[in-house]
Amino acid sequence: MAKVELKQPIVQEIAGTVEGAQSAVLVKYLGLTVEQDTAMRKELREAGVVYKVYKNTLMKRAFEGTEFEALSEHLDGPNALAVSKDDPIAPEKILSKYVKNYKPFEFVAGVIEGKYADSNKLVEMANIPSREVLLGRLFGSMQSPIANFARVVKQIAEKDGEAAPAEE
């Protein structure tokens, strides 16, 4: 069996992994101990993110003709691929903790919802608060003026209430 035929199933696996994905992120995976890498992989798996190390040439072949083809120019050196089909910023959020704490480990590039993102954009996206936090902030800011108005009305009512018995 030729080498190409042996590698074809792996190329198909990569293509199947990125097909329909919300985001795919390339990272240089150096600088992690086995324990750190295991913890990171567990965290990624719990978030529904597929994280694997593939040969660069096989990733290039799998990315050909897809929206992830822009990542091909960054495929040199030790790269790992993190793919999420559900949450477009889940890989960035989790991997950013490791990028901050372990210097050789770094973002390379990514494709998020069909748009190319360089390493700086990935860091920026990782710092965006989650949907729940943003909704909490929105509702908090909407509630604040109403709460202040209620306090003022209560104080006016209490003040008028104190003045009414004095008039009798």
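V18 and V108 fall within a single hydrophobic cluster, where Ile, Leu, Val, Met, Phe, Trp and Tyr side chains are chained together by heavy-atom contacts under 4.5 Å. Y29 and V50 fall into different hydrophobic clusters, where Ile, Leu, Val, Met, Phe, Trp and Tyr side chains are chained together by heavy-atom contacts under 4.5 Å.
Counting heavy atoms from C-beta on, the side chains of V53 and N79 never come closer than 4.5 Å. Contact check for F63 versus L81: side-chain heavy atoms found under the 4.5 Å cut-off. In this structure, the side chains of E106 and V27 stay at 4.5 Å or more apart for every pair of heavy atoms. Side-chain contact check for I10 versus K55: every heavy-atom pair is 4.5 Å or farther apart. Between M125 and L122 the shortest side-chain heavy-atom distance does not fall below 4.5 Å.
Residue pairs satisfying the salt bridge (charged side-chain N to carboxylate O under 4.0 Å, His left out) criterion with at least one member in residues 117-128, sequence neighbours excluded, are listed as follows: K121-E124. Evaluation of the salt bridge (charged side-chain N to carboxylate O under 4.0 Å, His left out) test over residues 58-85, restricted to residues two or more places apart or in two chains, returns K28-D76.
The nearest pair of heavy atoms linking V83 to T17 is CG1-O, 3.4 Å. Between A82 and V49, the shortest heavy-atom distance links the atoms CB-CG1, 4.0 Å. Nearest approach of V111 to L71, heavy atoms of both residues: CG2-CG, 3.9 Å. Taking both residues in full, the closest heavy atoms of Q36 and Y98 are given as O-CE2, 3.9 Å, listed atom of the first, atom of the second, then distance. Of all heavy-atom pairs between V25 and P91, the closest is CG2-CB, 4.1 Å. Between L95 and Y51, the closest heavy-atom pair is CD2-CE1, 4.5 Å.
In this structure, CD on Q155 lies 8.5 Å from CZ on R151, to the nearest 0.5 angstrom. Taken to the nearest 0.5 Å, the CD1 atom of I94 stands 10.0 Å off from the CE atom of M40. Of the inter-residue distances, the one linking R41 atom CZ with K52 atom NZ reads 9.5 Å to the nearest 0.5 angstrom. The distance from atom CG of N127 to atom CD1 of I89, rounded to the nearest 0.5 Å, is 10.0 Å. The distance from atom CG of D37 to atom CG of L32, rounded to the nearest 0.5 Å, is 5.5 Å. Rounding to the nearest 0.5 angstrom, the gap separating the CG atom in L58 from the NZ atom in K7 is 6.0 Å.
Of the candidates V99, N120, L26, V99 is the only one forming a side chain to side chain contact (heavy atoms under 4.5 Å, CB included) with F107.
Remark: side-chain polar atoms of S23 are paired, donor with acceptor, to backbone N or O of P88 under 3.5 angstrom. In this structure, D87 contributes its side chain and A47 its backbone to no donor-acceptor pair below 3.5 Å. Checked by atom type and distance alone, the side chain of N101 pairs as donor or acceptor with a backbone atom of K97 at under 3.5 Å.
Note: H74 and Y116 have parallel aromatic rings, judged against thresholds of 30 and 60 degrees for the angle between ring planes.
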